[in-house]
There are 2 protein chains.
Amino acid sequence: MEKYLEYTKVFKALGDPKRAMIVDMLSCGELCACMILEKFEMSQSTLSHHMKILCECGLVKGREEGKWTYYSLDADAISKTKQFFCNITSDKENCICKENINGCRGCGENE
Amino acid sequence: MEKYLEYTKVFKALGDPKRAMIVDMLSCGELCACMILEKFEMSQSTLSHHMKILCECGLVKGREEGKWTYYSLDADAISKTKQFFCNITSDKENCICKENINGCRGCGENE
DNA sequence: AGATCATATTGACACTTTTCGATTTGGCGC
DNA sequence: GCGCCAAATCGAAAAGTGTCAATATGATCT
């Protein structure tokens with residue numbers, strides 16, 4: 001159950017087009033906040049807020065260097081997320097849907 | 001840009017732990033709504049709302065049979081989503097972050 | 001030390017989302 | 001046709017989200 005919460009946080013972060021674009025931008029390497037800001041019509045505080053969400057879910061890491069902050073993707077978080085997505089979308093043994101659930105006549109027990 | 005919107009809708013749908021669990025449940029095969037409902041502490045109207053969101057983003061398909069509605073994952077939507085996720089998280093040519101952007105002194109131009 | 005620049009934080013607002021109970025719709029069996 | 005069942009829709013309340021301007025923080029430069 002906590003596993004779901006952990007990853008739904010990541011999906012929630014990606015569930016905003018601007019944040020998804022930011023991830024896309026970062027996919028080729030580190031960028032400082034000011035560079036990301038240039039590419040969006042968005043106030044500086046709004047960008048900072050989006051970056052915080054991306055960092056808090058683990059997908060992005062921030063590295064401070066002097067007055068600048070450089071952001072980059074966290075490869076480990078990304079591969080774990082990919083795996084989680086594959087997990088919840090592919091067939092497996094002992095899945096809930098294979099249990100015999102009583103009281104639901106729509107599930108094939110008495111037809 | 002529309003591509004982002006299309007898929008962020010999917011991520012938004014997965015950005016709720018209960019919906020992620022529902023997807024997980026459906027990963028092994030079709031289930032009727034009543035069976036899903038049994039597994040959650042959630043009102044019937046709330047479940048119906050979640051199923052609508054999952055269907056609207058394309059991840060899930062509903063099939064009506066008599067008074068029951070059976071839900072299942074859409075394999076095509078899933079593989080496309082996986083691909084989109086891989087796309088925005090992996091390195092590529094001509095990425096924005098490789099452009100030479102003026103005015104941002106934090107991006108390595110004058111150090 | 002004071003000015004300036006890059007970010008982060010705060011507070012406020014509009015908008016969206018989650019949730020429920022109540023109602024509606026449509027199928028099935030008597 | 002009538003009542004029952006499964007699911008969808010409606011309306012409302014509470015919580016969460018995206019956004020901005022204003023302010024705070026903290027580093028660098030003169």
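We name chains A, B, ... by the order of the sequence lines, and we start the count at 1 in each one. Model, not experiment: these values are computed from the prediction.
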Checklist entry - What residue among B:Thr89, B:Leu14, B:Ile88, B:Val10 forms side-chain contact (heavy atoms from CB on, under 4.5 Å) with A:Leu14? => result B:Ile88
Next on the checklist: So if I take the C1' atoms of five pairs at each end of the helix from C:dA1-D:dT30 to C:dC30-D:dG1 and get each local axis, what angle do the two axes make, rounded to 10 degrees?
Outcome noted: 20°
Answer whether the closest heavy-atom distance between the side chains of [X] and [Y] falls below 4.5 Å.
X	Y	answer
A:Cys86	B:Lys82	yes
B:His50	B:Phe40	no
B:Lys80	B:Tyr7	yes
A:Leu73	A:Val60	yes

Item to check | Pairwise distance CE(B:Met21) to CG(B:Asp24) - rounded to 0.5 angstrom | outcome: 9.0 Å
Checklist entry - How long is the span from the CG atom in A:Leu59 to the CG atom in A:Leu26, to the nearest 0.5 Å? => result 9.5 Å
Next on the checklist: Mind checking if B:Tyr71 touches a base, just sugar-phosphate, or nothing, with heavy atoms under 4.0 Å?
Outcome noted: sugar-phosphate
Checklist entry - Checking all strands, does B:Thr69 fall into the base, sugar-phosphate, or nothing category for heavy-atom contacts under 4.0 angstrom? => result sugar-phosphate
Distance in angstrom units between [X] [atom1] and [N] [atom2], rounded:
X	N	atom1	atom2	answer
B:Leu14	C:dT17	CG	C1'	16 Å
B:Glu64	D:dC5	CD	C1'	15 Å
A:Arg63	C:dA6	CZ	C1'	15 Å
A:Met51	C:dT7	CE	C1'	12 Å
A:Met35	C:dT7	CE	C1'	17 Å
A:Leu37	C:dA8	CG	C1'	13 Å
B:Trp68	C:dT25	CH2	C1'	17 Å

Item to check | Under 4.0 Å protein heavy-atom contact, by nucleotide of nucleotides 12-27 of chain D - B base, S sugar-phosphate only | outcome: -----SSBBBB----S
Checklist entry - Going by the angle between their ring planes, with limits at 30° and 60°, are A:Phe84 and A:Phe11 parallel, tilted or perpendicular? => result tilted
Checklist entry - Should we count CD of B:Glu56 as having more than 12 external heavy atoms under 6.0 Å? => result yes
